[in-house]
Amino acid sequence: MADLPPASLRLKIDRDAIAHNWRTLDRMSGAAAAGAAVKADAYGVGVDHAVPALRDAGARAFFVAHWSEVPAVLKHVPAEQVAVLHGPANAADAAFARATGVLPVINSIAQARVWAESGGGLCHVMVDTGINRLGLSLGDIGDVAVQALEVDVLLSHLASADEDIASNRKQLERFETAIEAVPHRRTSLANSAGIGLGTEYAFDLTRPGLSLYGGVQREELVREIRQVVFPQAAILQTRRIEAGEGVGYNAQFVAPCDMGIAVVSLGYADGFLRMLGPDAVFRFDGKELPVLGKVSMDMIVVDASEVKDLREGDWVDIPLSLPETAARSGLSQYEILTTLGSRYDRGLV
């Protein structure tokens, strides 16, 4: 097969920012060590970029959600540092864990039995303290199958750590109850936002995710976390349109005068969803290119009237401060980052 031509989408990744963010979150974790959630291809940043940066910064505990995510992470770190949050649903999952050496997170009595039937051994255990997703209920942790587990990290997950509400304290107290009931080596409760709640929530291991990659969920993180990803897209075409002509689907924008426009190689298939379009402004050489009309699957039209020297093949900068984009669009920072897609050429700043 012939070599692929260069991509018309670029995602510049600042590994130094990833390392800085991990060190910051590790420092804010107090006596606890900071791990790293690298599920969903490191939240869309790319495992091959994020995991080496995190490893070299000092991270020694990595969390994925699916078993299918394990091989990519194992290219960079030892198996004993990798845990799978969804746990062993069946014998095949358990066999894979045993063959690779990664640790399963046990979320139910049924999973505890699956793991025991496969031969048992070291694992992590998730206890639900109020988010009501995966995890053992407090009423289940006394079951003989759970008590027989060899537990490295006893985990739980905060539901509302980005808010200062009473449920955080309630979850903390429930987790402390679980700590007394389940034999274990280490404990872990705080995610990125949970780290911002203070070291009382840190225990032995924190599990930051979004903030490693530029997400900011609490005021304590605003001046601490650096932006990690910087998308760029190529100009596919420039053209002139006359006053009264519509742009894009349903002619949502109608030209008020003769004007120059440009078609950008970017769309909702690349994570730039339609709700990001209104009031969005791209940039070229410091000049603004406002988005016009609806975002298409693979293309966006921008106003190029004020950029006389814009040419096909030029690269435009796509603003992507996660907290600012989330506030403007109503999307969560997680959605913005993890939907970036595979068509970007991911490379270093």
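Because the structure is predicted, anything quoted here is derived from the model rather than measured. In what follows, every heavy atom counts, from backbone to side chain, and hydrogens, waters and symmetry copies are set aside.
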Verify the neighbour count for atom CZ of R27: are there more than 12 heavy atoms of other residues, nucleotides or ligands below 6.0 Å?
-> yes
A202 backbone acceptor or donor facing T206 side chain under 3.5 Å = no
Checking R55 against W22: charged group under 6.0 Å from the ring centre and within 45 degrees of the axis?
-> no
Decide salt bridge (charged side-chain N to carboxylate O under 4.0 Å, His left out) for R133 and D128; before the verdict, give the C-alpha distance in whole Å, the side-chain angles of both, and the deciding distance to 0.1 Å.
-> CA-CA 7 Å; R133 300 191 313 187; D128 185 89; over 6 Å; no
Report, as yes or no, whether the 6.0 Å neighbourhood of atom CD on E306 holds more than 12 heavy atoms from other residues, nucleotides or ligands.
-> no
Sequence neighbours left out, what pairs pass ring-ring contact (aromatic ring centres under 6.0 Å, His included) with at least one residue falling in residues 139-185?
-> F175-F203
Where V45 and A50 come nearest, the two heavy atoms and their spacing = CG1-CB, 4.4 Å
Salt bridge (charged side-chain N to carboxylate O under 4.0 Å, His left out) evaluation trace for R328 with D279 | CA-CA 9 Å; R328 182 175 61 81; D279 302 319; 5.9 Å; no
Do the non-hydrogen side-chain atoms of K39 and E69 ever get within less than 4.5 Å of each other?
-> yes
Measure across D317 and P319 and return the closest heavy-atom pair with its distance rounded to 0.1 Å.
-> O-CD, 3.7 Å
May I ask you to check whether over 12 heavy atoms, not counting those of K12, lie within 6.0 Å of atom NZ?
-> no
Kindly determine whether R169 and E200 satisfy salt bridge (charged side-chain N to carboxylate O under 4.0 Å, His left out), including the steps that lead there.
-> CA-CA 10 Å; R169 171 64 56 177; E200 185 179 11; 2.7 Å; yes
In terms of heavy-atom contacts, R218 and A161 come closest through NH1-O, 2.9 Å
Contact summary for L205 and A32, nearest pair of heavy atoms | N-CB, 4.0 Å
Give the other cluster members for L134, using side-chain heavy-atom distances under 4.5 Å between Ile, Leu, Val, Met, Phe, Trp and Tyr residues; answer none if it is isolated.
-> none
Please state whether the rings of F96 and W67 are parallel, tilted or perpendicular, taking 30° and 60° as the class boundaries.
-> perpendicular
Identify the heavy atoms of G87 and Q111 that sit nearest to each other, and give their distance.
-> CA-OE1, 3.6 Å
